[in-house]
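Data first, discussion second: the structure below is written as structure tokens.
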Amino acid sequence: MGNGGIVFRLLLRSSRRPPPLCFVASSFSTAKLSPLPLPTSLNPSSSLEPNPIFSFASSFTHRLLHGTASVHGKNGHQQEEEEDPDFYETAKDDGETSDGWEEEDDGVEPKLGDGGDGGGVVLQGVPWGESVLSFAYDVLKLFSDDFKLYAFKTSPRGYIYVRLDKLSHEYGCPSMEELQSYSREYKKRLDEAGERREIPDDLALEVSSPGAERILKVPDDLDRFKDMAMRVCYIEDEESNHTEKSGVFLLDSVEQEHCRKTRKIFLLHLITSSSGENERVAVMQEEKETIFFFYFCVCVFSFIGCTWKPRRVGKIVKSMAFSGVKNDRGELRILENLDELRTDLADYIAELSEAAVKERGVFAIALSGGSLIGLMGKLCEAPYNKTVDWGKWYIFWADERVVAKSHSDSNYKLAKDGLLSKVPIVPSHVHSINDSVSAEEAADEYTFVIRQLVKSRMVSVSDISDCPKFDLILLGMGPDGHAASLFPNHAVLDEKDEWVTFITDSPKPPPERITFTLPVINSASNVAIVVTGETKAEAVHLAIDNIGPDSQSVPARIHPPQRCQRLPRDGLILLCQVHELLRVLLGGNFKFWNDWGGGYVEFADAKALHELLCTFVVPGIFKITRCVFPFKEIIGVSLLVRALLHHHLLSPGCS
Ligand SMILES: O=C(O)[C@H](O)[C@@H](O)[C@H](O)[C@H](O)COP(=O)(O)O
């Protein structure tokens with residue numbers, strides 16, 4: 001299987017001797033891991049040792065053998081070994097598959113009803129299939145109604161694959177512990193039945209969760225997974241050219257039509273996740289089928305006499321929730337060094353500018369102070385200075401210090417000297433505050449200016465509030481987690497009515513400032529927080545994890561390097577597309593999708609692995625396949641973040 005969530009495997013042998021069995025925990029994407037109670041935090045006594053890494057395959061497997069534990073990448077690299085008293089060894093390490101498990105359908109694309117990630121029950125005619133299936137259901141009764149058998153499969157070679165679904169979990173993932181306890185109970189039943197000679201006593205068992213990467217049933221699963229991007233495979237039937245295509249879409253809405261008695265047709269309104277364009281795909285459900293199948297083509301349309309004509313019609317061969325991308329979630333980018341960060345930031349801004357100009361004819365961008373402007377420096381260089389449509393830019397400040405525009409503290413002056421004077425911005429498009437009035441008056445006047453520009457549609461307006469919707473708000477972040485001039489525990493955070501407000505007691509000098517309020521920042525089309533430097537590590541950690549201090553440790557060790565990679569160095573950009581953004585930074589709850597380089601880490605046990613993933617990079621949206629853990633020892637999640645910001649300590653031998 002190539003896209004499961006968490007996997008436990010048991011190789012059952014004769015139950016008349018101490019059963020040599022093996023326990024395998026595998027995570028192919030932490031999008032399918034569920035959160036554990038609580039995270040670890042800083043352990044000041046721990047040390048971060050420089051350690052180069054090698055590339056991380058698209059998945060890895062954590063194996064615990066008798067007296068050993070190991071993490072495997074799909075590339076076959078094996079790492080750490082450590083004791084787990086609960087399990088017994090089955091097979092010695094042969095360098096490849098030390099657990100003795102032979103993948104039956106590794107790499108096979110899931111199909112609806114295949115007994116794997118396509119769901120359903122497939123027994124393949126094995127004589128003991130019905131019995132083991134009934135045990136699977138029996139064991140399920142020991143758990144709450146929240147758990148369902150998503151898929152079940154047996155194979156003539158003696159393998160049992162169980163996939164459990166957890167309905168209350170965002171991605172349908174039971175926790176490691178839940179899978180483990182299901183495995184144990186199930187194994188007990190199998191052992192007993194083996195002793196009674198009802199079933200063979202050498203079966204192999206894998207218990208896993210499909211996670212969100214599953215084939216969706218239409219319409220049942222649509223509501224449940226509606227917030228996730230979906231990969232939709234379809235056959236486009238335009239001009240009878242049956243080319244199979246696929247794309248990643250966000251679900252906008254679903255229409256249903258009844259055609260004849262037995263058929264329902266669902267028209268999915270999809271938004272292409274990359275371009276934001278709308279698409280429509282038709283899905284026909286055959287009600288007679290126990291597992292719905294998706295089928296549609298132009299001739300069926302005319303046959304059943306439907307009147308509507310979707311732009312794309314065809315057979316949807318697969319619709320799969322796609323982890324790692326969410327339409328309401330942020331993205332965490334960690335760049336290798338400041339230069340990469342500058343380039344990435346320039347690309348990001350240039351792309352948004354191009355998209356906004358294409359869509360609205362203008363680009364309304366709000367800047368902040370601090371190191372941000374320096375990091376935007378690449379925009380003044382080729383190719384950006386030529387390719388960006390500067391004449392369409394409207395510039396604002398998300399926060400400004402209330403000082404004269406010529407003062408070195410002025411954010412306007414900072415931006416003017418560092419950026420605006422170096423590119424062909426239209427001077428009348430630069431909207432800075434009035435520096436000759438009080439902070440309160442400056443905030444009011446600035447609100448008025450923005451209102452006028454909202455009226456004239458230079459700045460759009462939010463669909464959900466009456467707030468202005470800037471195309472991009474760029475923020476920095478202080479070591480205390482402040483962004484714009486919104487400081488932790490400050491009353492300014494509660495401002496709900498004003499667009500722009502003021503403070504006279506800023507913890508960071510100068511004391512008088514104006515600032516966009518949270519509703520305005522959260523209404524922007526795009527918000528990026530650009531963070532550099534180790535002093536921000538703890539704040540980043542808190543921003544990402546939203547956890548309190550916790551001294552629990554997460555022991556982990558990395559495999560000796562096989563191939564060096566360049567490592568992230570000292571900058572990261574948090575790109576957050578939405579609501580909730582600053583609440584996160586300031587103590588709310590937000591999730592990031594990370595986009596790191598490669599590498600892998602091994603863990604002392606499954607719990608440690610699970611905890612690290614769930615606590616550090618946020619339950620649910622962690623792309624393990626592209627994660628970097630370039631440390632010898634990770635004790636405490638915040639140290640991981642700190643280490644990410646400290647990469648100059650690492651891998652001196654790497655090129
Ligand atoms: O005017 C300000 O002080 C800012 O807008 C403030 O929010 C700044 O962006 C952060 O303090 C980060 O500043 P650094 O990037 O310089 O650390």
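Atoms within a ligand are numbered from 1 in the order they appear, just like the ligands themselves. The figures here come from the full heavy-atom set of this structure, side chains too, leaving out hydrogens, waters and symmetry mates.
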**Request:** Report the member of Gly374, Ser506, Ser371, Gly476 with the shortest heavy-atom distance to atom 15 (O) of ligand 1.
**Result:** Ser371

**Prompt:** Does a donor on one side chain sit under 3.5 Å from an acceptor on the other, for Asp399 and Ser485?
**Reply:** yes

**Request:** Among residues two or more places apart or on two chains, list those pairs meeting side-chain hydrogen bond (donor to acceptor under 3.5 Å, both in side chains) that have a residue in residues 499-510.
**Result:** His490-Asp505, Ser506-Arg513

**Request:** Would you mind listing which atoms of ligand 1 come within a distance below 4.0 Å of any non-hydrogen atom of Met477?
**Result:** 12 (C)

**Asked** Who passes side-chain contact (heavy atoms from CB on, under 4.5 Å) against Glu359, sequence neighbours left out?
**Response** none

**Asked** Taking distance alone, with no angle check, do Ala484 and ligand 1 share an N/O pair under 3.5 Å?
**Response** yes

**Prompt:** So, Arg360 and Asp471, do they make that salt bridge, N to O below 4.0 Å?
**Reply:** yes

**Close-contact set for ligand 1 against Gly370 heavy atoms, below 4.0 Å** = 13 (O), 14 (P), 16 (O)

**Message:** With the threshold set at under 4.0 angstrom, would you say Glu400 reaches ligand 1 through any of its heavy atoms?
**Reply:** no

**Prompt:** Run the ring-ring contact (aromatic ring centres under 6.0 Å, His included) check on Phe516 and Phe470 step by step: do they pass?
**Reply:** CA-CA 11 Å; Phe516 281 3; Phe470 289 91; 5.0 Å; yes

**Message:** Less than 4.0 angstrom from a charged side-chain N to a carboxylate O is my criterion; do Lys378 and Asp339 meet it?
**Reply:** yes

**Item:** Contact partition for Val530 relative to ligand 1, non-hydrogen atoms under 4.0 Å
**Value:** neither

**Request:** Please state which part of Ala398 comes within less than 4.0 Å of ligand 1, counting heavy atoms only: side chain, backbone, both or neither.
**Result:** neither

**Those atoms of ligand 1 less than 4.0 Å from some heavy atom in Arg401** = 1 (O), 2 (C), 3 (O)

**Request:** Report, in ascending order of atom number, the atoms of ligand 1 lying under 4.0 Å from any heavy atom of Asn411.
**Result:** 1 (O)

**Request:** Enumerate the atoms of ligand 1 whose separation from the nearest heavy atom of Gly369 is less than 4.0 angstrom.
**Result:** 1 (O), 4 (C), 5 (O), 9 (O)

**Prompt:** Can you check whether Arg513 has an N/O within less than 3.5 Å of an N/O in ligand 1?
**Reply:** yes

**Asked** Looking at Tyr412, is Lys405 sitting on its ring face, NZ or CZ under 6.0 Å from the six-membered ring centre and within 45 degrees of the normal?
**Response** yes

**Check: Asp399 N/O within less than 3.5 Å of ligand 1 N/O** = yes

**Request:** Report the C-alpha separation of Val426 and Trp393 in whole Å, then their side-chain angles, then the decisive distance to 0.1 Å, and conclude whether the side-chain contact (heavy atoms from CB on, under 4.5 Å) test is met.
**Result:** CA-CA 8 Å; Val426 179; Trp393 277 41; over 6 Å; no

